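In what follows, a single structure is set out as structure tokens and then discussed.
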Amino acid sequence: MKSAQCSLLKICKNGSVVFVELELPSPVLTAGQFLLARNQRDILPAVLFSTDKRGQYIFPMNSEFHWEVGDDLLITFPHGHGFTIKPDMRKLLMISQTSSPVRLFSAARQILENGGEAALFSRNLPDQVPPEIEVLSDEQLDEAVLWSDAIIGDAQLHHMDFWQGFQTKYQLSARQSVQILVDTPIACDGTAECGVCAIKTHAGWKQACSDGPVFNLRDLEF
Amino acid sequence: MNETDRIVLDLPSRWMNQAGTAGFSPGNQLLPNGSIFVTNPVSLRVRMPSADRNLLPFPGGFLLHTGLPNAGWKAIRRKYQSHWHQSDSPIWIHVISQDLAGLEGIVRDCEEIDGIAAIELGLPPACPRDWMMQLIQSARGEIPLVLHISLGEDLSVLSSLPEAVSAVTLGTPRGIVPEGENGRLIHGRLHGPGLFPQMLNALQDARTWQIPVILGGICNQKDGETALNNGAAAVQIDHLCWQGGLPTGL
């Protein structure tokens with residue numbers, strides 16, 4: 001784990017979502033990993049995820065936001081396990097079940113830069129979706145699941161209905177990887193072992209802060 | 001009863017972490033060498049995370065509700081016994097068992113494990129004095145017993161504590177915070193610097209107890225020093241553990 005002090009360069013609000021730009025020299029996270037950031041007034045650090053834009057991070061939707069441009073932030077990174085993007089993945093389907101799919105976009109960026117394709121299904125589209133990403137309608141989802149060779153998604157911990165039974169409904173082949181970023185409160189990097197971010201898996205309880213927040217759908221126990 | 005009749009609690013450092021903030025083993029470099037390490041709450045049997053576990057900020061602090069999940073004493077002892085034995089930090093096991101025979105068994109086990117310096121017994125919410133006395137009776141043994149009670153509980157139960165109790169830890173209170181837009185009420189433990197005035201007030205009141213008092217809920221070095229200068233035998237650091245560790249040079 002690394003730590004650094006950096007300046008908050010820009011704040012952009014889009015509906016219930018807040019984006020921040022940090023003065024960091026290089027990408028510090030892989031898709032789905034998070035960093036912990038706080039200024040001197042913060043009691044708890046904020047959990048930030050990267051977007052597809054360099055230096056831009058998305059602020060948690062349910063947190064109190066009081067940062068200002070120019071604030072010095074102490075950050076630690078990287079935390080958790082993100083999405084596994086293999087070189088042979090070419091057709092990425094993103095299914096977002098949260099208020100913003102933007103945290104999935106940095107995975108799409110990787111696929112696109114490798115010459116692949118990416119499609120998105122979300123009921124909460126941001127103002128700007130990268131033009132290379134195809135936005136899907138309800139009617140197109142079934143076909144896109146069959147088309148894809150990798151599926152990533154997100155969901156809130158207590159709203160996993162969509163993903164429950166997803167595998168059975170679509171009879172996914174063994175080659176189709178489904179990885180879910182599970183939204184849950186995170187307080188630290190795992191050292192507290194407090195259990196507030198506990199996720200039930202077939203291998204027992206895991207901590208989203210250190211074992212996740214990205215989990216394989218096949219491993220999750222509903 | 002004379003305070004000198006109690007089993008003396010060795011405090012090589014007057015700074016320690018608070019149960020629930022640093023895991024079950026001091027291997028995470030959060031504590032300076034020699035600091036006391038307090039484990040997360042340990043129960044006799046496995047405890048699952050609460051279904052409505054949550055972390056909710058409020059001005060001056062946050063509410064944390066977890067259900068105190070842990071793998072149960074046997075599994076935890078198996079996993080961490082060698083860590084505790086090898087640690088430079090004296091280990092305090094924070095026990096929340098409500099099974100009297102089970103509690104006694106945990107204490108007997110702890111007496112056999114090198115490195116364990118004390119038992120911190122967490123009292124349940126609204127614990128009547130009779131039940132508290134039974135818990136103390138089961139938890140008494142050769143190693144010091146520290147009683148943990150939360151601010152907001154009936155502290156009068158602590159009058160005339162038996163000599164088996166070496167010290168009392170005053171923990172932060174429980175509370176309720178509404179969750180987001182739906183307003184569902186979440187119960188849990190409160191944390192944060194905004195609680196310090198209440199904690200300090202309780203510390204002042206505790207002077208009459210005639211027993212060493214350890215003050216929990218400390219969120220910064222200044223508050224810790226204030227508590228130590230005003231009667232606390234030691235202090236427990238709260239969420240500072242989640243911000244990179246205890247201050248060095250304490």
Side-chain angles (χ1 to χ4, degrees), chain A residues 1-5 16 36-47 59-66 73-77 79 98-99 156-160 182-201 203-211 221-222, chain B residues 17-31 39-41 46-71 75-76 80 179-182 184 186 188-189 191-195 219-220 238-245:
Chain A
M1 183 187 74
K2 298 173 185 171
S3 61
Q5 197 133 14
S16 62
L36 295 170
R38 68 176 196 275
N39 67 18
Q40 286 191 324
R41 300 183 300 275
D42 288 329
I43 294 170
L44 282 175
V47 179
F59 198 86
M61 277 67 81
N62 56 353
S63 297
E64 293 177 6
F65 187 83
H66 54 264
L73 302 176
L74 179 64
I75 65 168
T76 60
F77 59 92
H79 297 296
T98 65
S99 56
Q156 291 182 317
L157 176 61
H158 297 300
H159 298 89
M160 298 288 283
V182 182
D183 251 346
T184 177
I186 288 178
C188 71
D189 61 357
T191 50
E193 296 183 67
C194 69
V196 73
C197 64
I199 305 291
K200 196 172 190 183
T201 74
W205 289 94
K206 301 290 181 186
Q207 298 188 111
C209 60
S210 53
D211 304 314
E221 189 175 320
F222 295 101
Chain B
N17 68 301
Q18 179 169 301
T21 60
F24 295 93
S25 153
N28 50 29
Q29 311 298 319
L30 287 174
L31 301 162
T39 67
N40 277 10
V46 62
R47 276 175 71 107
M48 300 298 173
S50 172
D52 57 353
R53 54 195 177 277
N54 218 326
L55 173 72
L56 296 169
F58 62 85
F62 60 94
L63 176 144
L64 182 66
H65 175 50
T66 65
L68 308 180
N70 70 91
I76 288 170
Y80 295 107
E179 179 193 35
E181 292 174 0
N182 67 31
R184 190 167 62 118
I186 303 295
R189 174 88 55 193
H191 304 259
L195 301 170
C219 295
N220 56 61
D238 193 345
H239 71 284
L240 195 64
C241 300
W242 297 339
Q243 296 193 353

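It should be emphasised that the depicted structure is a prediction, and the values quoted were computed from it without experimental measurement. Letters go in sequence order (proteins before strands), and every chain restarts at 1.
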B:Ala51 versus chain A, heavy atoms under 4.5 Å apart: side chain, backbone, both or neither?
backbone

By a 4.5 Å heavy-atom criterion (distance strictly below it), what part of B:Asn40 contacts chain A: side chain, backbone, both, or neither?
side chain

Closest non-hydrogen atom pair, [X] against [Y]:
X	Y	value
B:Gly20	A:Cys194	O-CB, 4.0 Å
A:His158	B:Arg53	NE2-O, 4.4 Å
B:Gly61	A:Ile43	N-CD1, 3.3 Å
A:Ala198	B:Pro49	CB-CG, 3.5 Å

So with a 6.0 Å cut-off around CD of A:Gln5, is the heavy-atom count from everything else above 12?
yes

Using the side chain to side chain contact (heavy atoms under 4.5 Å, CB included) definition, which of the options A:Ile186, A:Thr184, A:Leu44 pairs with B:Leu55?
A:Leu44

Please look at A:Leu157 and chain B and tell me whether the side chain, the backbone, both or neither of the residue comes under 4.5 angstrom of a heavy atom of that chain.
side chain

Between CD on residue A:Glu193 and OG1 on residue B:Thr66, distance to nearest 0.5 Å:
12.0 Å

